[in-house]
**Q** 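Take a look at the following structure, please.
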Number of protein chains: 2
Amino acid sequence: MNVFVVGVGLIGGSFAKDIRRLRPHTTLFGIDVNEDHLDQALELGLIDKKAGYDRLGEADMVIVTIPVDVMVEQLPKILDLVNDDCLVFDGGSTKSLICKVVENHGKRRNFLAAHPIAGTEFSGPSAAIENLYEGKTNIICEVEKTAFKLQERALELFREMGMRIRYMNPKAHDKHIAYVSHLSHISSFMLGKTVIDKEKNERDIFDMAGSGFESTVRLAKSSPAMWTPIFRHNKENVVETLEEYIQNLQEFMELLKNDDYEGIYKEMNDTNKIREILNGIPLNNKQ
Amino acid sequence: MNVFVVGVGLIGGSFAKDIRRLRPHTTLFGIDVNEDHLDQALELGLIDKKAGYDRLGEADMVIVTIPVDVMVEQLPKILDLVNDDCLVFDGGSTKSLICKVVENHGKRRNFLAAHPIAGTEFSGPSAAIENLYEGKTNIICEVEKTAFKLQERALELFREMGMRIRYMNPKAHDKHIAYVSHLSHISSFMLGKTVIDKEKNERDIFDMAGSGFESTVRLAKSSPAMWTPIFRHNKENVVETLEEYIQNLQEFMELLKNDDYEGIYKEMNDTNKIREILNGIPLNNKQ
């Protein structure tokens, strides 16, 4: 089987690693505008061969893992070039615009819209990790628009990789992900900014980072080149989450200004239920 | 040597574990208003004996690790009861009020004000971890007010535990820690609140938490009983950090509303330097 990975970074490279392990007879082709990344991917053994769009006709599977603004430009072109039996799926963090841009494409049934909810704050081929996707959720949108046998080809791979599958429409995906992912990134970036702006002595930040700052600010290490287009694609939802987040912070600050420590205690105590949610425990079983 | 731990939770219990390993001939006494915690501490081997204030006269070292509001009440009483050669140190997350409340105490020279910058989101004796403090920073305030030989007794232990020592005045400590620790907790609690309020279906939160939310919201699992008094003690600094954080979030939201994606890219790119800061790399060496 010939698998093409378009964009050999953290997400695409991690797919390549798992496919290499699970399907040893696969030939992995890499396509990337960044020639250095392609060379690294080859050196790291993520791919077997560098390729260009001219070879896409040979593909049985194409995995498109590029920034979402480039995705909406390139995805129709990729679909133009693949053969009728080829599966194309993406890993983009937004889904509405991506689904929109291919909705009337002649090869729409070759495409599966996916968002594997996994990653780290690092990027590039050297950030690729084996088993990145194990136990993680893969959100699939508009599954009914993909040819059944190509759905099956994708789902079989996702299952072998250990992913849990959830189906959602693109609009619901983008709304939920704005809360659970995009807002986390902004809160983290702005936390980093606030601390850097204030703490002229970076040694003080470093020395005190063990106090919870390090993990809370981790996402502020993320790639601006990847995240700017995500916020652009999902602008409306992200603005809404930000408004609510700022409102909650203001209310907390007012409680503090008014010395309402019972109120502050209650806010934190109510939010502690995130423990059970993240443990996947139904709330009627909570302590 | 007799070491008394007043408050046998995460912080005090972790001290007990390291002392047990490093000073095997020590007898460890536990004092706690929570009888269950004392029993647990005994069962877990954190302490050798349960005790009360009536035995504090036997102590060579007293470690006071209780919520900061209880600390300001209890610390003078503890100092009243210890002998002239006993070292008392605390682990409180604020320092100004704690130092203030003992400044004129007859046994001020027996006290060392300390803040070991370490912890997890868990609490209680079962949360105690060996080597929690290794490689972590311990901030010591007003060291000159502690008797020299007692400073030495404390520093020898801290060094053996692998802590890095920094000296700071209480006011500077409380200001820095508001940025680097207290703000992180509030940003995390309010992130959790925003997501819980919006996502009626907790399964959606759980399924999407791999997207960065889980680590960013980790601190929202923290104990309200511990954190409410910290925010109360450090109210002025915390309000200031919150105002700046909210301001930064609002500016980011405005950039997004105005479709200023160059501005958004720049904000994130500038904040990426947190990578080097957290790696402890001087900025003139940054990539």
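Sequence lines set the chain letters: A, B, ... in the order given, protein chains first and strands last, and positions in each chain run from 1. Side-chain atoms are counted along with the backbone in the values below, which use heavy atoms only and exclude waters and symmetry mates.
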**Q** With a strict 4.5 Å heavy-atom criterion, list every residue of residues 132-143 of chain A that contacts chain B, or say none.
**A**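 Hits under 4.5 Å: A:T137, A:I139.
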
**Q** Is A:R164 close to chain B through its backbone or its side chain, or both, or neither, when contacts mean heavy atoms under 4.5 Å?
**A**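 Just the side chain, heavy atoms under 4.5 Å.
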
**Q** Of the backbone (N, CA, C, O) and the side chain (C-beta and beyond), which part of B:H182 lies under 4.5 Å from a heavy atom of chain A, both, or neither?
**A**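 Looking at B:H182, nothing touches chain A.
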
**Q** For A:L219, is it the side chain, the backbone, both, or neither that has a heavy atom closer than 4.5 Å to a heavy atom of chain B?
**A**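 A:L219 touches chain B through side-chain heavy atoms alone.
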
**Q** Can you pull out the residues in residues 231-247 of chain B with any heavy atom less than 4.5 Å from chain A?
**A**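 If one takes a 4.5 Å heavy-atom cut-off, the residues of residues 231-247 of chain B near chain A are B:F231, B:R232, B:K235, B:V238, B:V239, B:E240, B:T241, B:L242, B:E243, B:E244, B:Y245, B:I246.
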
**Q** With a 4.5 Å heavy-atom cut-off, do A:V217 and B:S184 have their side chains touching?
**A**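 No, side chains not in contact.
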
**Q** Report which part of B:I196 has an atom under 4.5 Å of a heavy atom belonging to chain A: side chain, backbone, both, or neither.
**A**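 The side chain, not the backbone.
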
**Q** With side chains defined as the heavy atoms from C-beta onward, is the minimum distance between B:E199 and A:I277 less than 4.5 Å?
**A**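 In short, these two side chains do not touch, never coming nearer than 4.5 Å.
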
**Q** Do you know which of B:S223, B:P229, B:A225 has the most heavy-atom pairs with chain A at a distance under 4.5 angstrom?
**A**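 Highest number of heavy-atom pairs under 4.5 Å: B:A225.
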
**Q** Test of understanding: with salt bridge (charged side-chain N to carboxylate O under 4.0 Å, His left out), list the residues that count as partners of B:D69, not counting sequence neighbours.
**A**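 Salt bridge (charged side-chain N to carboxylate O under 4.0 Å, His left out) check on B:D69 returns nothing, list empty.
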
**Q** Which residue is it: A:E202, A:R218, A:K221? I am looking for the one with a side-chain contact (heavy atoms from CB on, under 4.5 Å) to B:L278.
**A**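 Of the listed options, the one satisfying the test is A:K221.
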
**Q** So which of A:K175, A:H185, A:E214, A:K257 has the largest heavy-atom pair count under 4.5 angstrom toward chain B?
**A**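 Looking at each option in turn, the highest pair count goes to A:K257.
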
**Q** Highest number of heavy-atom pairs under 4.5 Å with chain A: which of B:S187, B:G192, B:A209, B:S93?
**A**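 Looking at each option in turn, the highest pair count goes to B:S187.
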
**Q** Relative to chain A, which of B:I264, B:I274, B:N248 shows the most heavy atom pairs under 4.5 Å?
**A**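 It is B:N248.
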
**Q** Determine whether B:H176 and A:D207 make a side-chain contact, defined as any pair of heavy atoms from C-beta on separated by less than 4.5 Å.
**A**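 Heavy-atom side-chain distance check fails, nothing below 4.5 Å.
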
**Q** Can you tell me which of B:L256, B:V195, B:I177 forms the most heavy-atom pairs within a distance under 4.5 Å of chain A?
**A**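 Heavy-atom pair counts peak at B:L256.
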
**Q** Against chain A, work out which of B:M208, B:R203, B:K266 has the most heavy-atom pairs shorter than 4.5 Å and name it.
**A**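 Sorted descending by pairs with chain A, the first entry is B:M208.
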
**Q** Which answer fits A:L183, side chain, backbone, both or neither, if we ask what part of it has an atom under 4.5 Å from a heavy atom of chain B?
**A**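 Both the backbone and the side chain of A:L183 come within 4.5 Å of chain B.
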
**Q** side-chain contact (heavy atoms from CB on, under 4.5 Å) between A:F206 and B:N279: does it pass, once the steps are laid out?
**A** CA-CA 8 Å; A:F206 177 70; B:N279 285 335; over 6 Å; no

**Q** Looking only at heavy atoms, what is the nearest atom pair of B:R275 and A:S222, with distance?
**A**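 Scanning both residues completely, I find the closest heavy atoms to be NH2-O, 4.0 Å.
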
**Q** Where along residues 114-125 of chain A does a heavy atom come under 4.5 Å of chain B, listed by residue number?
**A**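 Within residues 114-125 of chain A, near chain B: A:I117, A:A118.
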
